[in-house]
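Accompanying notes for the structure given below.
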Protein chains: 2
Amino acid sequence: MREKELRRSMSVLPIGTVMKLTDLTARQIRYYEQQGLIKPSRNEGNRRMYSLNDVDRLLEIKDYLDEGLNISGIKEVYRKQSQLEAEKKKRQEKNLTDSDVRRILQDEFMNIAGLKPPSSTFNNPNDYTKFNS
Amino acid sequence: MREKELRRSMSVLPIGTVMKLTDLTARQIRYYEQQGLIKPSRNEGNRRMYSLNDVDRLLEIKDYLDEGLNISGIKEVYRKQSQLEAEKKKRQEKNLTDSDVRRILQDEFMNIAGLKPPSSTFNNPNDYTKFNS
DNA sequence: CAAGTGATGTTAGATTTTATGACATTAAGT
DNA sequence: ACTTAATGTCATAAAATCTAACATCACTTG
């Protein structure tokens, strides 16, 4: 699934192709970029290169505009979206490090106990207070 | 899955992008086209436009050449491949039309019998000789 | 209503990309 | 050595894109 995401984020399309795929004019596409709604990359010759994700976003923008939202409103939408995603990511990261910490501490136990899993003879196995900070 | 195939066969990439994706020169890409190994479409301005399938095929061609096969040999490979696929398709088509015929005839039975499935009171349900021509 | 603003159209001039065709080169096979 | 297949290189023309500026059009608002 990583490879697919890579492909979708690879900047391979010139603006002419994007115009056809989105039915937008070059003027519109560049304007939305100027407004910060998309960030196409540039090739060595300074030509804008777009990804499939960019195309998707442009189609979204079109829909939002058709629905009466203006560009500031669309910016708001994306601002909130990326904020939510950032929080989600943060939570996931935190969970990962938490379980990492547990695993690492457990490994340490095993080392101290001579490569054996922690047992009741070592200490109270129900005392997890140290790991719940 | 149809949509995916459509995307893969959509001609959206200019030759510059294909050069980067395949690490081939424009000269090579055009030469392979001249030899009939790929058939990119053209846009209104006569520029070649490539699909992801084209890119895949170009990468294949590269591999074949690296393996010592020459272009005639590669043509052979693809000739045989498409021949096999045509046969397969033909078989599938034949199967499809056969079952289609059965379904259609069964519908006709139902109509004649007054929207009821064919029964033994209508005729011998095991007499399928008519459909096996 | 006149003025301001947001979104888009249009145009000009410069730069980049691609197309075609010709000729050159290089490696391999006979 | 001579051919041939695959590729490189170059010149010239056309197409695509860039930037920047000015124009238009529909709304909104004082």
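Heavy atoms only: backbone and side chains are in, while hydrogens, waters and symmetry mates are out. Chain identifiers are assigned alphabetically (A, B, ...) following the order of the sequence lines, protein sequences preceding nucleic acid strands; residue numbering begins at 1 within each chain.
- A cation-pi geometry, defined here as NZ or CZ lying under 6.0 Å from the six-membered ring centre and within 45° of its normal, does not hold between Arg57(A) and Tyr32(A).
- Distance, Arg42(B) CZ to dA16(D) C1': 15 Å, rounded to whole Å.
- Residues Arg7(B) and Glu3(B) are paired through a salt bridge, judged by an N-O separation under 4.0 Å between the basic side chain and the carboxylate.
- Within residues 8-34 of chain A, the residues having any heavy atom under 4.0 Å from DNA chain C are, by residue number, Thr25(A), Arg27(A), Gln28(A), Tyr31(A), Tyr32(A).
- DNA chain C lies under 4.0 Å from at least one heavy atom of each of the following residues of residues 43-78 of chain B: Asn46(B), Arg47(B), Arg48(B).
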**OP:** Go through Ile29(B) and Tyr50(B) one step at a time and tell me if the side chain to side chain contact (heavy atoms under 4.5 Å, CB included) criterion holds.
**Re:** CA-CA 11 Å; Ile29(B) 296 170; Tyr50(B) 299 85; 3.3 Å; yes

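- A side-chain N or O of Tyr78(A) and one of Glu60(A) form a donor-acceptor pair less than 3.5 Å apart.
- Comment: Glu67(B) does not engage Lys62(B) in a salt bridge, judged by the lack of any side-chain N to carboxylate O separation of less than 4.0 angstrom.
- Salt-bridge formation is detected for the pair Glu76(B)/Arg79(B): a Lys NZ or Arg NE/NH1/NH2 atom is positioned less than 4.0 Å from an Asp or Glu carboxylate oxygen.
- Residues Arg42(B) and Asn46(B) have side chains that bring a donor and an acceptor to within less than 3.5 angstrom of each other.
- Between Pro40(A) and Glu33(A) there is a side-chain heavy-atom pair separated by less than 4.5 Å.
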